[in-house]
Amino acid sequence: MSSAETSGSKFVITTPIYYVNDVPHVGHAYTTLNADAVARWHRLLGDDVFFLTGTDEHGLKVQRAAEEAGLEPLDHATRTSERFASTWELLNISNDDFIRTTEPRHHAAVQALLQKAYDNGYIYADTYEGDYCVSCEAYYVEDDLVDGNCPIHKRPVEHMVEDNYFFKLSAFTDQLTEWLEQPESAGHSIRPAGYRNEALGIVRQGLDDVSITRTSISWGVPVPWDTDHVFYVWYDALINYATAVGFGADQQRFDQWWPSTHHVLGKDILRFHGVYWPAMLMAAGIDPLPQLHVHGFLLLGGEKMSKTGGLTAITPAELVDDFGVDGFRYAMLRNHSFGPDSDFSFEGIVEAFNTDLANTYGNLVSRVATVVGKNCGGVGPAPEPGASLGEAAATAYAEAAAAWDSVQPSAALDATWRLLRETNEYLAEMEPWKMDPGPEVDAVMGNALEVIRIASIMASPAIPEAVEIAWKRIGLDGQACQQRLPEAAVWGAYPGGLSVEVGDPMFPRFKPSS
RNA sequence: GGCGACGUAGCUCAGUUGGUGAGAGCGCUCGACUCAUAAUCGAGAGGUCGACAGUUCAAAUCUGUCCGUCGCUACCA
């Protein structure tokens with residue numbers, strides 16, 4: 001594949017928009033980091049990347065939280081949205097846009113998209129019946145009730161009938177099935193495949209039409225054809241992905257970006273992204289559908305972190321204090337295979353940090369710099385054209401590239417670190433520290449420096465700050481993140497003749513304070 | 001209840017479409033080296049791939065049953 005083919009390709013990647021009432025936690029960070037790393041990889045490939053995250057700010061919960069805080073809903077949302085924005089800044093997230101569902105551009109897009117669905121006959125008026133708690137201002141299904149009373153207020157619920165607009169979800173059963181079952185050659189619908197099967201299961205179980213508006217609350221996007229109603233929060237929130245690339249405002253921009261849209265999300269919201277959202281797009285006549293990348297949960301002691309309370313007990317900021325931004329980023333991406341649930345632990349982060357970052361990568365940079373200083377006069381030599389490490393680098397690159405392409409950051413980093421370990425083995429075998437200055441030691445150290453150059457580029461999506469330190473230490477100009485793959489991964493580009501600097505350890509080993 | 005996922009070395013996990021004697025990292029034991037962040041390199045111990053039955057020339061990998069754990073079932077990544 002030449003750069004001419006990939007250069008300028010559009011690539012849109014999104015995180016879910018997070019509910020502003022939540023406090024940013026490691027679960028949010030996990031999703032966002034995966035999307036960030038993939039976005040960074042695509043920038044290396046020369047793609048024109050648009051990476052979107054943001055906050056979901058409508059709904060009853062926000063309205064009520066604002067009242068409790070004595071604030072207007074928008075002011076409340078602005079304050080809480082900021083917590084997400086600042087967390088992403090802390091984690092060095094490279095989003096190109098941060099959307100808030102309270103923005104005028106989003107209201108316009110929601111109204112335009114749902115108006116289309118309405119015009120196409122997929123939205124109709126009907127009544128919603130249910131047991132309603134006046135205090136909660138919410139409906140409950142019978143299973144939630146405690147002795148027929150509201151589970152929160154312990155008061156009798158009232159049977160209410162509300163005028164609602166319904167979305168004809170049931171009309172899309174066949175189209176959804178067809179999309180989910182489409183062959184990989186047509187572009188995947190949902191990956192990994194297990195989640196696609198789950199979505200198929202949801203569709204097979206039968207789809208009911210869903211109520212998508214409310215008259216009982218005001219904090220939302222008004223329904224354009226009936227302003228007594230606002231859209232129910234989910235059906236407004238999902239549309240953010242279309243808003244951000246210009247839906248309803250700039251058709252040309254939308255047409256350019258939309259076809260390359262990829263959503264990263266957790267399995268808990270698969271139903272909305274894998275069934276409701278594509279159906280809404282179909283109803284509005286939008287084509288093609290986005291591609292979904294679904295991950296599992298971080299577990300604590302085998303259970304969902306949000307259940308054990310662990311999710312909010314350990315904050316991203318605390319982990320950054322202990323391991324640095326790159327240490328935290330690396331551990332989150334490396335320790336958890338994208339897709340299945342996986343165990344999260346402090347010890348796991350320590351292991352990833354000490355083993356991979358301190359011992360393997362950081363220490364390699366240190367020992368190479370020192371030997372170059374002693375036996376090469378501090379000047380980094382060029383690599384050998386036919387070095388065996390060159391083949392190892394090519395293999396590692398091919399594996400990593402394939403893994404990034406299929407949104408498997410842990411596998412990509414595994415391949416990258418295998419190359420670094422092979423280089424430590426190579427040095428042990430060559431023993432360049434025993435050699436006298438000359439062509440022999442120059443060749444060995446040139447090869448090692450070349451691996452550091454290539455691996456640093458490959459690792460840059462995960463540890464963007466650290467790789468730039470290594471990049472400078474070995475005397476290179478520019479930045480690792482500005483290189484263009486795949487050309488920059490070709491063996492032999494380290495020029496030689498550069499000044500190599502011995503610096504402080506990039507990742508001082510973490511010693512748990514007991 | 002319905003739907004689904006998972007159960008592989010002490011720990012955390014990889015194992016495309018079934019096929020060289022079952023792998024990695026960490027931990028552990030022994031050894032080497034001492035350029036390097038008590039780091040690195042080598043060797044080794046350690047597994048009936050949850051259980052049972054079946055399909056097959058051949059299964060950790062397919063089918064069925066069972067046991068165990070977990071998740072979803074309209075707003076928690």
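A note on names: the letters A, B, ... follow the listed sequences, proteins ahead of strands, and every chain is numbered from 1. Treat the numbers as computed from the prediction; the structure is a model and nothing was measured.
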Using atom [atom1] in both nucleotides, what's the gap between [N] and [M] to the nearest angstrom?
| N | M | atom1 | result |
| --- | --- | --- | --- |
| B/U16 | B/C76 | P | 35 Å |
| B/U20 | B/C49 | P | 16 Å |
| B/A51 | B/C11 | P | 16 Å |
| B/G42 | B/U34 | C1' | 15 Å |
| B/U63 | B/G18 | C1' | 13 Å |
| B/A22 | B/U48 | C1' | 13 Å |
| B/G47 | B/U8 | P | 15 Å |
| B/G7 | B/G15 | P | 10 Å |

Residue matched to [N] through Watson-Crick or wobble contacts both under 3.5 angstrom:
| N | result |
| --- | --- |
| B/C6 | B/G68 |
| B/U63 | B/A53 |
| B/G1 | B/U73 |
| B/G47 | none |
| B/G18 | none |
| B/G42 | B/C30 |
| B/G25 | B/C11 |

### Message
Counting the atoms with a prime plus P, OP1 and OP2 as sugar-phosphate, which does A/P340 contact under 4.0 Å by heavy atoms, base, sugar-phosphate, or nothing?
### Response
sugar-phosphate

Output yes when at least one side-chain N/O atom of [X] is less than 4.0 Å from OP1 or OP2 of [N], else no.
| X | N | result |
| --- | --- | --- |
| A/N359 | B/U40 | yes |
| A/K434 | B/C33 | no |
| A/K61 | B/C76 | yes |

Can you measure [X] atom [atom1] to [N] atom [atom2] for me and round it to whole angstrom units?
| X | N | atom1 | atom2 | answer |
| --- | --- | --- | --- | --- |
| A/F84 | B/C76 | CZ | P | 11 Å |
| A/D341 | B/G4 | CG | C1' | 11 Å |
| A/E422 | B/C41 | CD | P | 11 Å |
| A/R271 | B/A77 | CZ | C1' | 18 Å |
| A/F353 | B/U12 | CZ | C1' | 19 Å |
| A/I17 | B/C76 | CD1 | P | 13 Å |
| A/R204 | B/U73 | CZ | C1' | 17 Å |

### Message
Checking contacts here: which listed nucleotide (B/U40, B/A77, B/G25) is nearest the side-chain heavy atoms of A/N363?
### Response
B/U40

### Summary
When A/I217, A/T215, A/T213 are each screened for side-chain contact (heavy atoms from CB on, under 4.5 Å) with A/V230, the one that passes is A/I217

### Query
Under 4.5 Å between any side-chain heavy atoms of A/L169 and A/D208, yes or no?
no

### Message
Pick the closest RNA chain B nucleotide for A/N354 and for A/I269 by heavy atoms, then say which residue is nearer the 5' end.
### Response
A/N354

### Message
On RNA chain B, does the nearest nucleotide to A/E198 precede the nearest nucleotide to A/S366 from the 5' side, or the other way round? Give the residue.
### Response
A/E198

### Message
Under a 4.0 Å threshold between the charged nitrogen and the carboxylate oxygen, would A/K267 count as salt-bridged to A/E198?
### Response
no

### Query
Is any NZ, NE, NH1 or NH2 atom of the basic residue among A/E450 and A/R453 found under 4.0 Å from an Asp or Glu carboxylate oxygen of the other?
yes

### Query
Can A/N335 and A/F344 be said to form a side-chain contact (heavy atoms from CB on, under 4.5 Å), step by step?
CA-CA 8 Å; A/N335 286 355; A/F344 172 89; over 6 Å; no

### Message
Can you tell me how the ring of A/Y30 sits relative to the ring of A/H336, calling it parallel under 30°, perpendicular over 60° and tilted otherwise?
### Response
perpendicular

### Task
Report the distance from atom CZ of A/R334 to atom CZ of A/F353, rounding to the nearest 0.5 Å.
16.0 Å

